[in-house]
Amino acid sequence: MEKPTGSALMEKLVALCRRRGFIFQSSEIYGGINGFWDYGPLGAELKNNLRDWWWESMVHNPPAGPEGRAIEIVGIDCTIISHPKVWEASGHLGGFADPMQTCRQCKRLFRADHVPDLLEESAWVKSFFAAPDLKRWADKDGKKLAPGLALVRNFAATLPKIGLATDQAGRLRAAAGGDPCPECGGDLTEPRQFNLMFETWVGAVRDDEAKAYLRPETAQGMFFNFKNVVDSTRVKIPFGICQVGRSFRNEVTPRNFIFRSREFEQMELEFFVHPDEANLWYQYWRDTRFRWWQDLGLAGKNLRIRDHDRDELAHYAKDSGGCCDVEYAFPFSGEKGFTELEGIAYRSNYDLTQHQNVSGARLEYFDQDRNERYLPHVIEPAAGLTRGLLAVLCEAYTVDPTRPSPELMRFHPRLAPIKAGVFPLVNKEGMPEIAEQLYADVRRQVGPAQYDAKQSIGKRYARMDEAGTPFCVTIDGETVTDQTVTIRDRDTGNQIRVVLDQVVPYLRERVGRR
Ligand code: ATP
């Protein structure tokens with residue numbers, strides 16, 4: 001049995017995540033709410049570990065900069081609701097709009113740039129192209145799968161138009177009488193703008209004056225606090241400000257599990273530099289961020305870095321080093337093969353200029369070394385925490401039919417939600433006492449552990465494999481006489497005997513706690 005791919009892999013993964021308590025649909029007992037997800041006991045640990053690793057490699061212990069220079073980054077934590085003018089300055093109020101198309105038949109909304117991918121996955125499109133006889137298809141499967149399709153609603157008038165089409169896209173358009181709806185086959189409207197920000201009101205009165213927005217990104221907090229940070233700390237250019245937190249986007253087509261949600265978490269860094277050094281730092285962050293994702297286990301062919309084409313670049317990045325994305329081959333990445341995990345952008349001094357203009361506050365920085373006053377330029381590595389978590393889950397999911405549990409999660413030990421399982425082989429003969437003491441020591445000195453005395457040892461291994469626990473320690477008859485235990489490695493299944501008082505150092509060395 002091989003590791004499944006595509007939608008089969010996603011089905012297995014979603015099922016395992018629910019069964020083992022990684023991820024649940026939000027408010028599931030009420031039927032769920034589209035685009036919102038809750039993290040269960042294992043998922044919350046895994047997410048925190050990913051977040052903490054990022055924070056550690058940004059704020060506490062960043063790698064050396066270009067030419068071996070020490071890097072300085074400070075972390076902040078901003079509110080989800082801020083002054084509404086922030087979003088005017090950032091451009092989100094005017095421009096944070098995706099072109100949308102509505103189906104004239106079923107009234108569903110789609111992001112125009114998602115329609116081609118959705119059509120590729122659509123059940124009715126697959127069945128339409130597989131049909132040997134369109135009349136029979138329209139009367140039977142077409143009626144069920146694509147009730148909005150012109151060909152289904154009015155066969156005689158539509159069939160001749162299909163005959164004139166020269167390629168597959170043309171056949172679909174002819175069958176729908178316009179851009180086809182991926183859900184029902186109806187025809188879509190022209191793309192129209194749609195603002196993705198969630199709105200709310202601050203205070204008792206619900207008028208335009210009181211209107212506020214849930215932040216659609218965490219980045220702006222770093223810009224409108226730039227002066228506060230410079231004035232209250234000893235940071236000097238070049239330096240970074242970063243934060244991790246929740247963002248909200250009223251995504252029109254939330255899909256692919258937690259990949260595109262309406263509430264999600266981001267990990268963003270704004271790195272402020274002198275304009276002359278921007279390209280140097282852009283290259284540095286491009287390489288550093290790619291390596292970071294590799295280090296946590298996305299090392300192989302599923303990860304790549306893609307430089308944006310010139311016509312993809314935001315206007316402020318046109319004359320610079322540019323923009324790139326770290327991309328992962330998610331099971332649903334389709335024909336393109338890869339989708340965005342993190343964007344690294346050279347943003348010039350666009351954001352600080354905007355905030356200076358809209359707020360009227362002076363945001364220039366005085367550079368003592370250069371004796372120069374200027375608005376710093378910015379390199380922004382912007383990553384998705386929850387999207388990164390999905391990449392980690394996809395990468396870790398492994399099938400091994402020779403094991404009691406054919407599904408196991410091969411997390412990097414530092415990310416694993418549970419670091420070790422501790423088992424007394426049998427629940428008597430002095431074994432539980434030793435196991436309980438070891439369990440307490442591991443929890444205190446290594447990290448989260450699980451005590452399990454139920455069922456066969458094979459079943460206990462299986463439970464830990466599914467949770468992605470890298471090590472299992474078993475206390476057996478020999479322990480009582482010679483003070484040694486077995487430690488089993490999740491990935492190889494190999495067992496070694498280790499002296500009891502060496503278990504904690506052995507685990508500490510391997511699970512990344514410093
Ligand atoms: P996309 O093109 O996928 O909508 P974006 O380019 O708008 O993403 P950014 O604004 O650059 O995304 O946000 C930075 C990161 O935040 C993305 O690389 C992604 O990992 C994450 N992200 C953005 N939107 C979502 C979402 N709806 N759900 C989960 N993660 C998201």
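Start at 1 and go down the list; that is how both ligands and their atoms are numbered. Atom set for the values below is all heavy atoms of this structure, side chains included, hydrogens, waters and symmetry mates excluded.
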Just distances here: any N/O of [X] and N/O of ligand 1 closer than 3.5 Å?
X	value
E217	no
A383	no
I258	no
S261	yes
E268	no

### Task
Using non-hydrogen atoms of the residue, decide whether R111 is closer than 4.0 angstrom to ligand 1.
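Within the 4.0 Å threshold, so yes.
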
#### Entry: Distance-only polar pair, side chains of Q220 and H92, donor-acceptor under 3.5 Å
no

List every atom of ligand 1 that sits less than 4.0 Å from any heavy atom of [X], numbering the atoms from 1 in the order shown and giving each element.
X	result
L341	18 (O), 20 (O)
E342	18 (O)
A382	14 (C), 15 (C), 18 (O)
E340	6 (O), 11 (O), 12 (O), 17 (C), 18 (O)

## Note on the structure
atom 14 (C) of ligand 1: of E263, E327, Q266, the nearest heavy atom sits on Q266

### Task
Report the part of R260 (side chain from C-beta onward, or backbone N, CA, C, O) that has a heavy atom under 4.0 Å from ligand 1; answer both or neither where that applies.
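The answer is both.
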
Exercise answer: donor-acceptor pairs, residues 238-248 side-chain atoms, under 3.5 Å, sequence neighbours excluded:
from: Q243; atom 1: OE1; to: C78; atom 2: N; distance (Å): 2.9
from: Q243; atom 1: NE2; to: T218; atom 2: O; distance (Å): 2.9
from: R246; atom 1: NH1; to: E263; atom 2: OE2; distance (Å): 2.8
from: S247; atom 1: OG; to: Q266; atom 2: OE1; distance (Å): 2.7

### Nearest heavy atoms of S57 and P63, plus distance in Å
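Answer, listing the atom of S57 first, then P63: O-CD, 3.7 Å.
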
### W292 six-ring centre to R289 NZ/CZ under 6.0 Å and within 45° of normal
yes

### Query
Are W53 and H412 close enough that their ring centers fall under 6.0 Å?
yes

### Query
Strictly under 6.0 Å, is that where the ring centroids of Y365 and F272 end up?
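Between Y365 and F272, the centre distance exceeds or equals 6.0 Å.
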
### Query
Using 30° and 60° as the class limits, which term best fits the ring planes of F330 and F259: parallel, tilted or perpendicular?
perpendicular

### Task
Using salt bridge (Lys or Arg N to Asp or Glu O under 4.0 Å) as the criterion, list what pairs up with E364, not counting sequence neighbours.
R362

